[in-house]
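Heavy-atom basis, side chains included; hydrogens, waters and symmetry copies ignored. Indexing begins at 1, ligand by ligand and atom by atom, following the structure's order.
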Amino acid sequence: MEKIKKSLPLQIFIALALGIVVGLIFLSMGLADFTTEYIKPFGTIFLNLLKFIVVPIVLTSIIQGVVSLSDIKKVGTIGLRTIIYYFCTTAFAIVIGLIFANIFKGSYAVLETSGLEYEAAEPTKFMDTLVNIFPSNFFQPMVDASMLQVIVIALFIGFGIIIAGEKGLGLKNWIDSCYEVFMVIMTGIIKITPIAVFCMMVPVVAVNGPQILGSLALVLLTAYIAYAVHALFTYSLAVSSLGHMNPVKFFKGALPAFLFAFTSTSSIGTLPVTMECAEDLGVRKEVASFTLPLGATINMDGTAIYQGVASIFIATCFGIDLTLGQMATIVLTATLASIGTAGTPGAGMIMLAMVLQSVGLPVEGIALIMGVDKIFDMGRTGVNVVGDLSAAVIVSDYESRRMSKEAKAK
Ligand code: ASP
């Protein structure tokens with residue numbers, strides 16, 4: 001098992017590179033449709049398997065995490081710290097996105113905007129998002145994979161077990177046992193990750209190849225520079241100063257999750273891999289089982305960067321100059337939009353409509369970048385999961401220090 005874990009990043013990396021090469025070959029042969037019809041489905045099977053295991057894993061691992069903290073107040077403290085960290089890094093991410101977009105905007109190709117059409121989905125109001133966190137049915141959230149609601153259910157069960165004391169032990173043991181079984185299944189699924197990565201990469205390259213070289217190349221480049229700066233600068237600083245971990249060690253440990261997120265474009269689908277990475281990075285289990293599912297649901301730094309860059313690009317195409325006040329509004333709405341963005345492929349583009357509307361930009365501008373959204377999505381999902389892992393490392397370090405302080409005081 002150890003050997004597989006160690007070689008997984010390399011295997012994923014090789015699969016990614018092979019996927020690009022094979023994708024280019026199919027592209028040159030004009031067989032893009034073949035790849036979406038016959039290669040992509042194998043990636044989809046794998047994603048389905050991950051989605052199938054993710055709800056039981058999140059449910060049982062959060063319950064375990066809460067019960068092992070054995071104190072409701074402690075859960076609250078960890079939760080609050082995690083959420084504050086998520087908010088701050090997300091706001092910081094959009095600022096970075098806006099700065100780079102403003103630097104590059106003079107060179108953007110101004111695309112034709114007449115005749116654009118994009119039907120924006122009805123944006124969810126903040127209060128509705130709040131209400132929707134609380135489930136009205138025990139099973140429905142699990143069936144729909146509504147992760148925030150699943151997290152709330154897990155918290156309640158965890159609290160219930162703590163308060164019930166002796167009488168709750170039976171349920172606790174049963175959940176522990178379920179968790180172990182689900183983990184075994186998940187480990188089995190993760191072993192075939194390299195094949196899945198290959199199958200997901202080939203169609204992306206074969207279908208999007210020519211567009212990368214099109215007029216949107218510079219906007220994509222802006223987003224990727226901002227992704228890289230945020231990941232390398234913000235997370236390095238955060239994990240080294242707040243988490244007392246060498247950034248090189250952190251990025252090495254986070255690599256499999258990054259690569260997997262990059263190809264799957266789903267934070268939720270990547271969650272099992274992210275959890276494995278956290279374990280390898282030495283993150284406390286009870287912290288990982290709490291911060292990571294929460295992060296995969298509400299923490300989207302890469303998405304926030306993309307929304308900042310896309311807003312400036314769309315404004316440029318429509319000949320609109322955004323004021324500093326409007327940019328501040330973008331920082332606020334994109335931070336809030338990140339909570340509502342599901343950790344699934346393409347969700348960030350749907351939420352972009354809300355950000356554009358908040359500053360009066362035309363929503364149909366989304367049609368300008370829709371064609372290459374997959375490429376934006378790959379980078380932003382990668383950043384999203386690395387952000388989740390950085391929080392896990394920091395909160396885990398804080399917990400370890402607090403515990404050793406407590407032990408010393410005794
Ligand atoms: N695909 C992203 C994620 O799963 C969400 C987005 O579309 O921005 O994290």
Side-chain angles (χ1 to χ4, degrees), residues 43-44 46-48 50-51 54-55 58 86 89-91 93-94 96-97 118 120-121 123-124 129 145-148 150-151 196-197 200-201 204 208 219-220 222-224 226-227 230-231 235 254 256-275 277 291-311 313 330 333-356 366 369-392:
T44 310
F46 181 75
L47 276 184
N48 285 350
L50 279 180
K51 281 187 207 149
V54 90
V55 169
V58 167
Y86 282 153
T89 48
T90 303
I94 316 165
I96 291 178
Y118 179 80
T124 329
T129 308
S146 310
M147 297 321 275
L148 270 181
V150 172
I151 292 172
V197 164
M200 289 187 283
M201 197 64 206
V204 169
N208 293 297
V219 194
L220 280 164
T222 312
Y224 272 82
Y227 293 153
H230 182 64
Y235 299 147
F258 172 83
L259 292 176
F260 190 79
F262 188 77
T263 39
S264 69
T265 62
S266 170
S267 298
I268 292 286
T270 309
L271 190 55
V273 187
T274 319
M275 285 180 135
C277 289
T291 50
L292 294 177
L294 189 67
T297 316
I298 68 163
N299 182 47
M300 312 270 162
D301 293 0
T303 304
I305 290 174
Y306 151 82
Q307 288 172 341
V309 172
S311 304
F313 172 67
I330 292 181
T333 40
T335 307
L336 293 178
S338 74
I339 306 172
T341 304
T344 51
M349 193 183 78
I350 296 162
M351 294 307 278
L352 175 63
M354 179 177 140
V355 179
L356 294 178
I366 294 179
I369 49 172
M370 215 158 65
V372 289
D373 185 64
K374 186 76 183 167
I375 299 155
F376 280 115
D377 202 1
M378 294 166 85
R380 66 186 190 237
T381 312
V383 175
N384 290 347
V385 302
V386 177
D388 301 342
L389 272 169
S390 74

>> Please report the interatomic distance CD1(Ile94) to CG(Asp301), rounded to the nearest 0.5 Å.
In response: 8.5 Å
> Quick one: does Ala347 get an N or O within less than 3.5 Å of an N or O on ligand 1?
Replying inline: yes
> What atoms of ligand 1 come closer than 4.0 angstrom to any heavy atom of Arg380?
Replying inline: 6 (C), 7 (O), 8 (O)
>> Can you give me the closest heavy-atom contact between Ser267 and Asn384, atom names plus distance?
In response: OG-CB, 3.8 Å
> Tell me: protein heavy atom nearest atom 3 (C) of ligand 1, and distance?
Replying inline: Ser267 OG, 3.2 Å
> Near Thr265, which atoms of ligand 1 are under 4.0 Å from a heavy atom of that residue?
Replying inline: 1 (N), 4 (O)
>> Within the 4.0 Å heavy-atom shell around Gly346, which atoms of ligand 1 are there?
In response: 7 (O)
> Going by the atom numbers of ligand 1, which of them fall below 4.0 Å from some non-hydrogen atom of Met300?
Replying inline: 9 (O)
> What is the nearest protein non-hydrogen atom to atom 2 (C) of ligand 1, stated with its residue, atom name and distance?
Replying inline: Thr381 OG1, 3.3 Å
>> Just to confirm my output: which protein heavy-atom neighbour is closest to atom 6 (C) of ligand 1, and how far is it?
In response: Gly348 N, 3.1 Å
> Quick one: nearest non-hydrogen protein atom to atom 1 (N) of ligand 1, plus distance?
Replying inline: Asp377 OD1, 2.8 Å
> Atom CG in Asp388, atom SG in Cys277: separation rounded to 0.5 Å?
Replying inline: 11.5 Å
> Which atoms from ligand 1 have a heavy atom of Thr303 less than 4.0 Å away?
Replying inline: 5 (C), 6 (C), 8 (O)
>> Can you give me the closest heavy-atom contact between Leu352 and Ile366, atom names plus distance?
In response: CD2-CG1, 3.9 Å
> Among Asp377, Asp373, Thr381, whose side chain to side chain donor-acceptor pair (under 3.5 Å) with Tyr306 holds?
Replying inline: Asp373
> Out of Ile305, Val309, Val386, which residue meets the side chain to side chain contact (heavy atoms under 4.5 Å, CB included) rule with Tyr227?
Replying inline: Ile305
> Is there a side-chain contact between Gln307 and Phe376 (heavy atoms, below 4.5 Å)?
Replying inline: no
>> Restricting to non-hydrogen atoms, name the atom on Thr89 and the atom on His230 that form the minimum distance, rounded to 0.1 Å.
In response: O-CE1, 3.4 Å
> At a 4.0 Å threshold, what atoms of ligand 1 neighbour a non-hydrogen atom of Ser266?
Replying inline: 4 (O)
> Is ligand 1 under 4.0 Å from a heavy atom in the side chain of Met351, in the backbone, in both, or in neither?
Replying inline: neither
